[in-house]
Amino acid sequence: MAKSKPKFTRIAQLKSAENFMSYLSSIQADLPFKEQLSETFESSMGESYKLKSGAIIGNRFCILPMEGWDGTSDGLPTELTRRRWHNFAISGAKLIWGCEAVAVRSDGKANPHQLLINKQNLDAFKSLYHDMVSDHEMKFGSSSDLLIGLQLTDAGRFAIPDKDKIRKPKTLYKHSILDKKFNISEDHQVLTDSEIDQLIDDYIRAAELAKEAGFQFVDIKHCHGYLGHEFLSAFKREGKYGGSLKNRMRFLKSIVDGIRATSNIAVAVRLSAFDWIPFKKNDENTGVPEQPNQEYKEAFGGCNSTGIDLTEVFEMLEYFEELGIELVCITAGSPYYVPHIQRPALFPPSDGYLPPEDPLIGVARQIQITHEIKKKFPNLAIVGSAYSYLQEWLPNVAEEVVDKGMADFIGLGRMVLSYPEMPDDILKGKELTRGKICRTFSDCTTAPRIGLISGCFPLDSYYKKKSDAATLKAYKKKHRI
Ligand SMILES: Cc1cc2nc3c(=O)[nH]c(=O)nc-3n(C[C@H](O)[C@H](O)[C@H](O)COP(=O)(O)O)c2cc1C
Ligand code: SF4
């Protein structure tokens with residue numbers, strides 16, 4: 001990718017709330033904004049939230065799941081994994097969603113170093129959970145209002161499970177664009193119904209192990225183009241897992257039924273609530289739809305190429321209430337084919353493209369869609385995502401969103417890689433440490449795309465010193481990223 005200067009104003013240049021607000025109106029970004037933050041300890045961000053089970057979540061910050069590409073090849077955590085989980089535990093957030101995607105079986109790993117939950121690895125998950133709780137207690141005195149879940153996944157068409165780093169996709173239907181984009185051969189066989197039945201049993205077993213390890217809920221991941229998400233767009237698949245929404249949700253329902261009959265751990269879902277046609281880069285390296293004028297019918301929550309239609313999302317969420325799913329984390333699209341709608345950034349990752357819109361528009365889109373959902377489902381506990389690009393202005397948007405009931409929790413992803421204590425600093429009314437604010441350089445995505453560990457190489461001194469930092473720098477220089 002030829003190096004190009006970002007086309008959009010950098011957030012750090014918007015020095016005052018007035019500047020920021022007038023910039024928002026100049027680009028027509030519909031973002032809630034609280035000009036004057038509340039006094040310390042009076043902010044809605046510090047209010048607790050009570051789930052129907054009676055469990056209390058002590059404030060409105062949620063740490064979003066983020067893979068680190070740093071487990072062992074057996075799917076066990078390493079020092080790097082433990083450091084990241086420790087950082088999440090001492091962030092000040094009381095809802096920990098994840099902490100990262102954990103595969104329920106080996107052939108479903110998104111990368112050869114993804115964590116894997118199975119009987120052999122159970123003790124390691126027990127110690128990850130217990131370390132988090134004790135690290136949190138050490139800093140904050142109590143963990144009675146801390147809720148920690150585990151995100152369960154199968155990477156589906158994006159599986160790269162083995163040391164050979166070859167993609168070994170598991171797909172549910174022949175996709176009109178993604179099969180070609182990701183070199184899936186024409187004779188590739190989609191998963192059979194009985195293979196899916198087995199996978200459901202793996203999820204149920206994994207949930208039992210998560211409960212035994214101590215986790216308070218499991219997320220049956222339905223986002224970002226991975227297998228759970230692909231079910232939702234399996235419109236043209238035949239048989240019991242495709243076609244009608246009821247059939248496309250059968251995978252989730254069967255897992256929930258199985259969990260209810262076994263461990264009965266609480267079930268949450270992270271959902272890509274809208275999706276778009278895959279993007280590619282044009283001659284100027286800017287993102288454009290792969291086939292702009294094509295009718296596109298493979299986007300759950302989408303319509304045509306870049307439209308949004310929440311009709312089925314609402315139907316699905318209605319069903320969540322029946323299934324007893326209360327915690328829902330809203331996200332969008334996929335980092336593999338529409339990264340700009342999923343994790344808005346000024347600087348693209350190596351496999352991405354220059355943003356086709358101001359990243360603030362992407363942030364606003366996720367916030368507004370999450371609001372639409374919250375309005376319709378006041379009884380669901382809704383977590384929003386994609387706040388990191390707000391940088392200095394994150395506290396002002398977050399507090400306004402929670403004040404107005406547009407979401408119940410503010411999810412933080414990249415920001416807590418570079419600045420883990422940001423939630424605690426905001427809650428305590430401390431001035432933000434500017435040098436730690438994530439500037440969306442995307443190195444935490446580029447590094448794993450080229451087989452390195454993920455982490456905040458530009459801002460976290462721990463990663464800056466690693467040999468992978470030099471390899472990443474050389475790669476970016478060579479490829480002019
Ligand atoms: C390095 C990295 C790894 C991620 N891994 C996961 C994951 O394992 N599961 C998941 O649901 N989302 C994952 N995400 C997406 C984030 O949870 C989040 O949705 C996204 O970064 C947007 O939020 P942000 O603007 O606060 O970063 C990952 C993001 C990054 C940057
Ligand atoms: S590498 Fe650091 S600064 Fe860049 S996007 Fe990731 S967390 Fe943010």
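Just so it is clear, the model here is predicted, and its values are computed rather than measured. Here, residue 1 is the first one in the sequence, and each next residue gets the next number. First listed ligand is number 1; within each ligand, the first listed atom is number 1.
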key: Heavy-atom pair of closest approach, residues Leu116 and Arg105   =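 Distance-wise, the nearest heavy atoms are CD1-C, 3.4 Å.
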Find all atoms of ligand 2 within a distance of less than 4.0 Å from any non-hydrogen atom belonging to [X], and give their numbers and elements.
X      : result
Cys456 : 1 (S), 2 (Fe), 3 (S), 7 (S)
Arg439 : 3 (S)
Ser442 : 4 (Fe), 5 (S)
Phe441 : 3 (S), 4 (Fe), 5 (S)
Cys438 : 3 (S), 5 (S), 7 (S), 8 (Fe)

Which atoms of ligand 1 sit under 4.0 Å from any heavy atom of [X]?
X      : answer
Tyr387 : 25 (O), 26 (O)
Ser454 : 1 (C)
Ala101 : 8 (O)
Lys221 : 7 (C), 9 (N), 10 (C), 11 (O)
Cys444 : 1 (C), 31 (C)

Do [X] and [Y] sit within salt-bridge range, that is, some charged N less than 4.0 Å from a carboxylate O?
X      : Y      : value
Lys375 : Glu372 : yes
Glu357 : Arg365 : yes
Glu100 : Arg82  : no
Lys168 : Asp107 : no

Heavy-atom nearest neighbour in the protein, as seen from [atom], with distance rounded to 0.1 Å:
atom                    : answer
atom 28 (C) of ligand 1 : Arg343 NH2, 3.3 Å
atom 3 (C) of ligand 1  : Glu67 N, 3.5 Å
atom 9 (N) of ligand 1  : Gln151 OE1, 2.8 Å
atom 24 (P) of ligand 1 : Ser388 OG, 3.3 Å
atom 15 (C) of ligand 1 : Gln342 NE2, 3.4 Å
atom 25 (O) of ligand 1 : Arg414 NH2, 2.8 Å
atom 10 (C) of ligand 1 : Arg270 NH1, 3.2 Å
atom 7 (S) of ligand 2  : Arg414 O, 3.4 Å
atom 7 (C) of ligand 1  : Pro65 O, 3.4 Å

Donor-acceptor pair, [X] side chain versus [Y] backbone, under 3.5 Å?
X      : Y      : result
Lys211 : Ile265 : no
His222 : Leu271 : no
Ser418 : Lys436 : yes
Arg60  : Met45  : no
Asp408 : Ile382 : yes
Thr171 : Arg157 : no

inquiry  = Can you tell me which portion of Asp443 lies within the under-4.0 Å heavy-atom range of ligand 2? Options are side chain, backbone, both, or neither.
reply    =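 Near ligand 2, Asp443 shows its backbone as well as its side chain.
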inquiry  = Can you classify the ring geometry of Phe251 versus Phe231 as parallel (below 30°), tilted (30 to 60°) or perpendicular (above 60°)?
reply    =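 Rings of Phe251 and Phe231: parallel, as their planes differ by under 30°.
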ask   = Under 2.8 Å from atom 2 (Fe) of ligand 2, is there an N/O/S atom belonging to Cys444?
value = no
key: Aromatic contact, Phe158 with Phe182 (centres under 6.0 Å)   = yes
query = Would you say ligand 1 has an N or O under 3.5 Å from any N or O of Gly413?
reply =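 N/O-N/O distance under 3.5 Å: yes.
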message = Check this for me - ligand 1, Gly411, N or O atoms closer than 3.5 angstrom, yes or no?
response =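 Gly411 vs ligand 1: no N/O contact under 3.5 Å.
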request  = Evaluate the side-chain hydrogen bond (donor to acceptor under 3.5 Å, both in side chains) criterion for residues Tyr203 and Asp154: first the C-alpha distance (whole Å), next the side-chain angles of each, then the deciding distance (0.1 Å), finally the verdict.
outcome  = CA-CA 9 Å; Tyr203 271 82; Asp154 184 295; 5.7 Å; no
